[in-house]
Amino acid sequence: MPYFDYLPHIVLFTVGTLIGLEVSYKWHSEPFVNKKIEPIPLIIALIGGGLIVIYAPLGLLFLGFVVGMRPGYGVYETVLGILFALILWVILVII
Amino acid sequence: MNDILDLNSYIIGHVLFGDIVPYLTPFSLALVITIVVFTIFLALSKPELRSVTRFGEDVVRTTTVGKKEAKFRRFMTILCGVALIGVVTTGDIFNFTLFVSLVGITNVGIFAVVKDTHVLDAAFQYGLVMMICSLPLFGGVALILAKTGTLSLGVLAGIPGNPVLNVGRMLLLVGAVGEGALAPFFATKVEMIRAKGAPYINMMHLSSLMVFTRLIEILFIVG
Amino acid sequence: MKIQKQTKNRILAVLTTLPILIGIILNTPLVISVAILTFFVPPSTYYLGLVLMALPKSKKEEDEREKITFTGY
Amino acid sequence: MIYPAAGSMLYMLLELITAFLFGGLLLGLHRKIIARIQGRPGPPIVQHLIHTFKFYIKELTIPETSSMPLYVAIVLALSAVWVLAFLVGPVLLGPFSIIIMCYAVHKVSEHGIGLASGSPYTKMGSTRAVLSATAEMPLIVAPALVFFKTHTLVLSDIINYQILHGSLFMDLPLAAIATFILLLSKTPFNPFGIVWGKDIVSGYKTEHFGVIRGVMMFGEILGFFVLLWCFLTIFFGGIFNTPLTIMLTMIGVTIILGFICALTPMIAPYHSVMIQWIFALLALINVLFI
């Protein structure tokens, strides 16, 4: 099996991180201070986590958005998104 | 040619040349192409202007290799490339040792015209190491010949290893390491490459690493 | 006749990218494709980069380039 | 999904692009982990890829002191060597000896890159590159042990051997550790990275920026991927032999490397060489267990 089976995953993830970086700099131009969970990235992370189980490249695009956000932002959202994906995977695939 | 096949999966071609059979595997083809490309580029490049700073002075001087000096060193570089092609394509251990010593000689030649005391000192020490190491180099080959009655790598590849061959291999290793200025003797090399003339110095490093990679293959094939 | 640097870079970029494209179309044998990729991927990325570098990114930059002539050290 | 035939040009090119993007993300992850351990937010994971593409649109200036065709050609040689290693290794599963050759030539090009610009800092970096070429010692020990064990150096046969007899890590643990040290010495910010130490500005890379730095980074990313792949395939080939498992394990190994790089200081040149020698000699002890 070739490696480029995962080319869409990698490309979409990279694109997602780039978009995330750009957009989060639009959202936050102030110095990094707050450490609370924001609603919009959380929703995106949850969508990403859900989509990973169904169609992985698209899910990675949304997760990449949260991963790639400005340094310091999007950490909790990422963790929550991955946890959600794990829970969904356990429910759908294993059980 | 079983050991050669184990190393390379297949042989592209070989030249029947009496007892000596030069052969070409994907590995030696890659080596030859690398050496040819490097030799061409190194021979075409002009030497760099070396900036030199000294403690206590607030100036940066640039020096370069003189025209006459560059000419001789370029010639030695090309010769070293030719010797390297011999090292990687030959199918006979005795030829291998001859080419390796030729590589050593050309390496000293590259540095012989540098007008710099510490470089010449280092080159002199390297020359001493080379001369000392030619004893184990040829001695190892003689041992292998005495034990097996052949020097052709194609035949040696099919002969199973035994203690005498192992001693021969160790001698060959010590000899080639000394001739190519490899790991334990690299101290002289580090002193030598402080000289000017980037392309020529780079050839020396290339030669020792190419000898090294080919040496690994030969050590695997013998025995 | 002296060819301009940008034109030369463009020609070289095309020349180094062509073998790869030809190889994809003609489906060359294994050893040849390995050789082509090894020899032509780095130079083609280099020359494509040179061409990209010389393209003006904005109008303002273009004006600046005409103004300042940096001749090196 | 229609695949291009294995071994065709398109196939190899796609593999190359995948490896480049994935390797870039891995190096970004590596940097992020180091930053997190040191208590900084750190750059985003794509930062390494962004850097590589950024350098492609930056202006290239070539120092007047440089040795001209060599200055450009040696950088192209560096990335060509890793392209060859990638094609022979992960794509075609060919002879391992070619990858050894590629590593050796990579050392030569590091040396040449430093020499060609004529700057004292790059000269220092290249002198150290020759010094640290002693790290080639694990390179002769590990393949030798693998060859004595499996009687082959063709990668596909090594993988088959491991599928039949179990991973080589069980038989050659010390050789695996020596190879891991070799891998460590090629990652950025590592304790043995005397060639690009910040005490000599940026080592041999000091004078290289613009497009040529982009090409250099392209080669380095591929090199990181190939070395990781070789380490995993030669010593864990029995367990990790599909792309998915290999890629996931690569992420794991990168995290381990990140921890090591973040927690260790840069070692002085001679000590660095000495420590790598100690690990190589330890690997030689492994001969007794075969």
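Here the CG atom belonging to D:Leu84 is positioned 10.0 Å from the CG atom belonging to C:Leu37, to the nearest 0.5 angstrom. Note that the CG atom of D:Leu10 and the CD1 atom of C:Ile20 stand 12.0 Å from one another [nearest 0.5 Å]. Between atom CD1 of residue D:Ile212 and atom CG of residue C:Leu50 there is a gap of 8.5 Å, rounded to the nearest 0.5 Å. The OH atom of C:Tyr46 sits 5.0 Å away from atom CG of D:Leu60, with the distance rounded to the nearest 0.5 Å. Here the OH-CG distance, from D:Tyr11 to C:Leu30, works out to 11.0 Å after rounding to the nearest 0.5 Å.
When the candidates D:Val211, D:Leu16, D:Val83, D:Leu13 are compared by the number of heavy-atom contacts under 4.5 Å with chain C, D:Val211 comes out ahead. The choice from C:Thr38, C:Leu48, C:Ile32 that makes the most heavy-atom pairs within less than 4.5 Å of chain D is C:Thr38.
D:Leu78 does not touch chain C: none of its heavy atoms, backbone or side chain, sits under 4.5 Å away. For C:Val41, the part lying near chain D is the side chain, with the backbone staying farther off; criterion is any non-hydrogen pair under 4.5 Å. Only the side chain of D:Val72 comes within contact range of chain C, with heavy atoms under 4.5 Å apart.
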* Given the rule in the side-chain contact (heavy atoms from CB on, under 4.5 Å) test, do C:Ile36 and D:Met9 qualify, once you have shown the distances and angles that lead to the verdict? -> CA-CA 9 Å; C:Ile36 287 177; D:Met9 187 86 126; 3.5 Å; yes

* To do: Could you go through the side-chain contact (heavy atoms from CB on, under 4.5 Å) check for C:Thr45 and D:Leu76 one step at a time?
  => CA-CA 9 Å; C:Thr45 47; D:Leu76 299 186; 5.8 Å; no

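Other residues, nucleotides and ligands place no more than 12 heavy atoms under 6.0 Å from the NZ atom of C:Lys8. Within a 6.0 Å sphere centred on OH of D:Tyr121, heavy atoms belonging to other residues, nucleotides or ligands number 12 at most. Counting non-hydrogen atoms of neighbouring residues, nucleotides and ligands closer than 6.0 angstrom, the CE atom of D:Met124 reaches no more than 12 such neighbours.
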